[in-house]
Amino acid sequence: MNVHEYQAKELLRGFGVPVPRGGSAFSVDEAVAAAAASGGGPWVVKAQIHAGGRGAGRFAGAPDGKGGVRLAATLDDVRAHAGAMLGGVLVTKQTGANGRTVRRLYVEEGCDIARELYLAMLVDRGSGRGMAMASTEGGMDIEQVAEESPDRILTVSIDPATGLRPFHGLRLASALGLRGGAARAGAGLVANLYRALVDLDASIVEVNPLVVTGDAEVVALDAKMSFDDNALHRHPDLERLRDEDEEDPAEVEASRHDLNYIALDGEIGCMVNGAGLAMATMDLIKLHGSEPANFLDVGGNATRDRVTAAFKIILSDPNVKGILVNIFGGIMRCDIVAEGVVAAAREVDLAVPLVVRLEGTNVEIGKKILAESGLPILSADGLDDAARKVVEAVRGAH
């Protein structure tokens with residue numbers, strides 16, 4: 001789960017990380033009030049969407065060509081910027097061509113920036129450890145820095161058995177070129193970021209840029225945080241920060257039914273149980289010359305209602321020209337899957353080819369349910385056969 005910049009900063013503030021004063025706003029008047037409460041200006045008005053590159057982005061159809069991060073010298077400037085940004089569609093390199101509608105803003109006090117740095121804490125899935133990343137190239141996309149100047153990125157692995165040690169912070173502060181009081185502040189900030197990563201079950205805590213001010217203070221000028229969905233039950237306060245407007249509606253609906261769904265750009269919808277089998281199914285669809293429209297894992301204990309919901313979610317994508325259901329019934333029963341498929345196909349008045357491959361528990365009962373449904377369902381004998389049949393059916397339907 002992702003959160004907005006202002007939410008991440010408020011969380012980091014609770015861990016002792018210095019951030020500029022600021023406030024969130026959902027209207028022009030609230031933006032002006034947030035500015036007035038944040039000091040005497042200048043201020044920075046920031047669009048809040050779940051995407052990077054806001055400053056370099058552009059609002060669709062806006063003639064001024066200004067992005068989603070704007071400097072305001074007066075309260076009248078704050079009002080003008082807020083009016084122009086709220087409700088607009090901000091397009092950045094991370095949003096895609098459709099952009100994201102700006103529904104909230106963050107207004108914060110200006111900052112005297114002397115240097116811009118990069119610092120992040122994340123979970124390194126390869127080693128199963130925490131990892132710190134630091135670079136003197138703050139304010140840039142870390143992916144671009146990694147590609148063009150990999151020597152400018154320092155990574156430090158952190159053993160979860162011992163946690164972050166003082167030498168980790170000092171090493172990172174040194175790599176960032178911090179000296180004297182700034183080095184001590186930087187080392188303390190490193191420790192606080194790591195504590196936030198662990199205590200909040202975050203998958204990444206990123207500060208870009210981390211700035212050194214003209215007074216040698218070290219401040220988190222921007223912040224990004226993402227959290228492990230599997231740990232959110234331990235953090236109901238974090239769950240309340242979720243902004244469903246920033247998520248794909250189909251993915252939101254899938255989460256309500258405990259389905260693992262990710263929309264893709266292809267034409268063949270997939271409903272599979274098990275992530276590994278789902279990946280293999282998608283690969284075979286590509287092998288036979290088509291593209292998967294989604295990743296959808298219904299899990300090992302799906303009910304008829306959950307299968308029906310999964311079917312509806314797949315068909316909510318107008319790009320879907322055919323559906324492949326691929327189930328290996330271990331814990332899951334094939335007859336339950338068959339009942340859900342039949343119920344959903346009837347309810348939505350299925351108009352695209354449907355191929356079903358069932359193996360495992362109660363497979364014969366499941367196949368009988370499909371055969372007696374009266375629906376034009378194509379049965380497959382194996383995974384490769386299923387992928388081939390759905391691709392051929394889609395091509396024949398064009």
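Computed from a predicted model, the values in this text were never measured in an experiment. All residue numbers refer to positions in the sequence shown, counting from 1. All values below come from the heavy atoms of this structure, side chains included, with hydrogens, waters and symmetry mates left out.
Here the options are Arg70, Arg13, Lys9, the test is salt bridge (charged side-chain N to carboxylate O under 4.0 Å, His left out), and the partner is Glu108; only Lys9 passes.
Although no hydrogens or angles enter the test, the distance criterion places no donor-acceptor pair under 3.5 Å between the side chain of Asn294 and the main chain of Ile262. Panel note: side chain Glu291, backbone Glu267; no donor-acceptor pair is recorded below 3.5 Å. Distance alone, capped at 3.5 Å, places no donor-acceptor pair between the Ser149 side chain and the Asp151 backbone. Checked by atom type and distance alone, the side chain of Asp159 pairs as donor or acceptor with a backbone atom of Ala161 at under 3.5 Å.
Residues Phe227 and Leu200 share a closest heavy-atom pair of CD2-O, 3.6 Å.
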Test Arg79 against Asp76 for salt bridge (Lys or Arg N to Asp or Glu O under 4.0 Å), laying out the working first.
-> CA-CA 5 Å; Arg79 181 176 297 278; Asp76 285 340; 5.1 Å; no
Apply side-chain contact (heavy atoms from CB on, under 4.5 Å) to Leu383 and Leu277, showing your working.
-> CA-CA 9 Å; Leu383 178 51; Leu277 187 58; 4.3 Å; yes
Begin from the C-alpha positions of Arg242 and Ser255 and carry the test side-chain hydrogen bond (donor to acceptor under 3.5 Å, both in side chains) through to its verdict.
-> CA-CA 12 Å; Arg242 183 178 182 182; Ser255 68; 3.3 Å; yes
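A heavy-atom distance below 4.5 Å is found between the side chains of Tyr6 and Gln48. Side-chain contact between Glu246 and Asn2 is absent, with no heavy-atom pair separated by less than 4.5 Å.
At a cut-off of 3.5 Å, with distance as the only test, no side-chain donor of Tyr261 or Glu253 sits close to an acceptor on the other residue. For His235 and Asp201, the side-chain atoms include at least one donor-acceptor pair closer than 3.5 Å. Side-chain polar atoms of Ser203 and Asp228 form no donor-acceptor pair below 3.5 angstrom. Judged by distance alone, the side chains of Asp112 and Thr213 never bring a donor and an acceptor atom under 3.5 Å apart. With 3.5 Å as the limit, one finds no donor-acceptor pair spanning the side chains of Asp305 and His257.
Val205 and Ile153 fall into different hydrophobic clusters, where Ile, Leu, Val, Met, Phe, Trp and Tyr side chains are chained together by heavy-atom contacts under 4.5 Å. Cluster annotation: Met282 is not connected to Leu296 through the hydrophobic network of ILVMFWY side chains, with a link wherever side-chain heavy atoms come within less than 4.5 Å. Residues Val218 and Tyr194 share a single hydrophobic cluster, defined by chaining ILVMFWY side chains whose heavy atoms lie under 4.5 Å apart.
For Arg104 and Glu30, the salt-bridge test fails: no basic side-chain N is under 4.0 Å from an acidic carboxylate O.
Between Ile285 atom CD1 and Ser290 atom OG the span is 7.0 Å, to the nearest 0.5 Å. Note that the CG atom of Leu193 and the CG atom of Leu12 stand 6.0 Å from one another [nearest 0.5 Å]. Atom CG of Leu119 sits about 6.0 Å away from atom CG of Leu210, to the nearest 0.5 Å.
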